[in-house]
> 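Pasting in a structure now, in structure tokens, and then I'll have a few things to ask.
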2 protein chains.
Amino acid sequence: MTSPSVFTSLDAYVARCISLSEADFAYFHAQLMVKHYKKKSRLLSAGEICSFEGFITKGCCRVYYLNEKGNEVDLYFGIEEWWVSDMASFTQQKPSNLFIETLEDTELIIISYEAKERLFIRIPAFERMFRLMVQRTHETLMKRLISSFSEPAEERYLSFVAKYPSIVQRVPQHLIAAYLGITPEFLSKIRSKLKAKNL
Amino acid sequence: MTSPSVFTSLDAYVARCISLSEADFAYFHAQLMVKHYKKKSRLLSAGEICSFEGFITKGCCRVYYLNEKGNEVDLYFGIEEWWVSDMASFTQQKPSNLFIETLEDTELIIISYEAKERLFIRIPAFERMFRLMVQRTHETLMKRLISSFSEPAEERYLSFVAKYPSIVQRVPQHLIAAYLGITPEFLSKIRSKLKAKNL
DNA sequence: TGTTTTTCTTAATCTATTTCAATGTTTAGG
DNA sequence: CCTAAACATTGAAATAGATTAAGAAAAACA
């Protein structure tokens, strides 16, 4: 258990929320599957029922949807220690509107709907852990909504860079534009304006 | 228990998520407080720690924040059977950035932080009930973010009217504009344009 | 009831952002 | 290493929505 395993970072994540015995951890691990995907793999497509919640241990994913004009709009990017899923689709086992795709070769620990239910029955503390996880996600989303209403694109971009410097390195700019809710052209303009300023 | 009480609608809400014994319900009720507020009462101000999660049994509230320009931006309106709170502030017992205010005379069932913790300890099923509640809230917020990125103001207004007809009746238009992320003037323009079309 | 305050509308001007189109640059694959 | 594809930049024209300011209508209030 003390030697580094695939589960190390996930276990640490869990331990920050709830305390578990060794036996609990073992049962937990038995409910999980480790998956490896190549870059540009599709983990979920709109119309499918999302069959997993995935904790990223290596790599990077994007979660996006297609709007009526056919543009891809990124909801969020996940890197190490993030969960990716379409929670609504997963929880209610109904078809998703979202797409999930890897942007790099990615290692993911996934839990299925049935496994999660088993986990809740056997170790109710996981209800709390997932509640806290959703609450955190919700808080992040709320802040994002607020900033998208209050701040002009330039500030939102600067905040994004400040908050997720590693994502900026790893994700192509047109996807970041999609995340910020602006066109790639406009992001490019913002960046060149910023560059002009800082010189 | 079968005669209508203040708790009737909340109990129904809870029962849709988890099943509880009579004794559980009694303990649950003992953790709650019923509050009455006049129209325009302030339930929470930015800077305070949010001390409650409130379930509206009668009336209407708005949850909003002040952006840098000093404009009030509405995050959501709560009517009967909705929860109002600043979840981030409440859960982490840290100062809020939000304001909560009644728009009508309002009856609210509130639970405090301590009472909620007691409840979780005595009846762990409530972890699930609140997890499901947050998940639902999260899904709603996600949809809102998607529509604010994808749809022009006119469509967002039409969706809002279609989804929350009762709120449209009860809430002044300039607040709905603030909810949609546009100015009251622009909403007015949209409405007169729509009126012209439909005649 | 009349009066004050809040809410709603209209119009002119201004701005952030989009769209379109063209060009340049980097990356990936054969 | 070369070529195609993906990605990024730039500029001009178009547009959704903001801002300002004024007046009309409705609601609250005394």
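Letters A, B, ... are given to chains in the order of the sequence lines, protein chains preceding strands, and every chain is numbered from 1. None of the values given here were measured: they were computed from a predicted structure.
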> Could you check whether Tyr65(A) and Ser150(B), counting side-chain N and O atoms only, form a donor-acceptor pair closer than 3.5 Å?
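Distance-only check passes for Ser150(B) and Tyr65(A).
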
> Take the protein atom NZ of Lys193(A) and the nucleotide atom C1' of dT15(C), then report the distance between them rounded to whole Å.
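Going from NZ in Lys193(A) over to C1' in dT15(C) covers 11 Å.
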
> Of the non-hydrogen atoms in Phe186(A) and Ala153(A), which two are nearest, and what is the gap between them?
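Scanning both residues, the minimum pair turns out to be CE2-CB, 3.8 Å.
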
> If you compare every side-chain N and O of Arg191(B) against the phosphate oxygens of dT10(C) (OP1, OP2), does one of them come in below 4.0 Å?
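Negative; the distance criterion is not met.
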
> Answer yes or no: does a side-chain N or O of Gln173(B) lie under 4.0 Å from OP1 or OP2 of dT6(C)?
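Answer is no, no contact under 4.0 Å.
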
> Does Lys35(A) NZ have over 12 foreign heavy atoms under 6.0 Å away?
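No, because the 6.0 Å sphere around NZ of Lys35(A) holds 12 heavy atoms or fewer from other groups.
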
> How long is the line joining CG of Leu187(A) and P of dA8(D), in whole Å?
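Atom CG in Leu187(A) sits about 9 Å away from atom P in dA8(D).
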
> State which of dT7(C), dA11(C), dA8(D) makes the closest approach to the side chain of Lys189(B).
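For the Lys189(B) side chain, the nearest candidate turns out to be dA11(C).
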
> Does His174(B) have a side-chain nitrogen or oxygen under 4.0 Å from the phosphate oxygens OP1 or OP2 of dT6(C)?
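Answer is no, no contact under 4.0 Å.
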
> Can you establish whether the number of heavy atoms outside Arg122(B) located under 6.0 Å from its atom CZ is more than 12?
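Incorrect, the count does not exceed 12.
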
> Return the nearest nucleotide to the side chain of Pro152(A); candidates are dT17(C), dT20(D), dT7(C).
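The answer is dT17(C).
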
> Output the rounded distance in Å from CD (Glu72(A)) to C1' (dA6(D)).
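Those two atoms, CD and C1', are 13 Å apart.
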
> Over how many whole Å does the gap from Arg170(B) atom CZ to dA27(D) atom P extend?
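In whole Å, dA27(D) P and Arg170(B) CZ are 16 Å from each other.
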
> Could you please name the option among dG17(D), dA11(C), dT17(C) that lies closest to any side-chain atom of Phe186(A)?
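Nucleotide nearest to Phe186(A)'s side chain: dT17(C).
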
> Could you tell me whether the phosphate oxygens of dA8(D), OP1 or OP2, come under 4.0 Å of any side-chain nitrogen or oxygen in Ser188(A)?
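Answer no for this pair, as no side-chain N or O of Ser188(A) is under 4.0 Å from OP1 or OP2.
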
> How close or far is atom P of dT6(C) from atom CD of Glu104(B), stated in whole angstroms?
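Distance check: Glu104(B) CD to dT6(C) P gives 18 Å.
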
> Rounding to an integer number of Å, can you tell me how far Ile182(A) CD1 sits from dG17(D) P?
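After rounding, the gap between these two atoms is 16 Å.
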
> What's the CG-C1' distance between Leu180(A) and dA8(D), to the nearest Å?
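Atom CG in Leu180(A) sits about 16 Å away from atom C1' in dA8(D).
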
> Would you kindly say whether Tyr27(A) and Arg118(A) are connected by a side-chain donor-acceptor distance under 3.5 Å?
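Not at all, the side chains of Tyr27(A) and Arg118(A) share no donor-acceptor pair under 3.5 Å.
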
> Over how many whole Å does the gap from Glu151(A) atom CD to dA16(C) atom C1' extend?
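Going from CD in Glu151(A) over to C1' in dA16(C) covers 15 Å.
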
> From the list dT9(C), dT19(C), dT17(C), which nucleotide is the closest neighbour of the side chain of Glu185(B)?
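Shortest atom-to-atom distance from the side chain points to dT9(C).
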
> Taking 4.0 Å as the cut-off, does a side-chain nitrogen or oxygen of Ser192(A) come that near to OP1 or OP2 on dT10(D)?
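So the side chain of Ser192(A) is within the cut-off, an N or O lying under 4.0 Å from OP1 or OP2 of dT10(D).
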
> So, is Lys39(B) near the phosphate of dA28(D), with a side-chain N or O under 4.0 Å from OP1 or OP2?
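Checking Lys39(B) against dA28(D): at least one side-chain N or O falls below 4.0 Å of OP1 or OP2.
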
> Which nucleotide in the list dA21(C), dG17(D), dC7(D) gets nearest to the side chain of Pro172(A)?
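Shortest atom-to-atom distance from the side chain points to dC7(D).
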
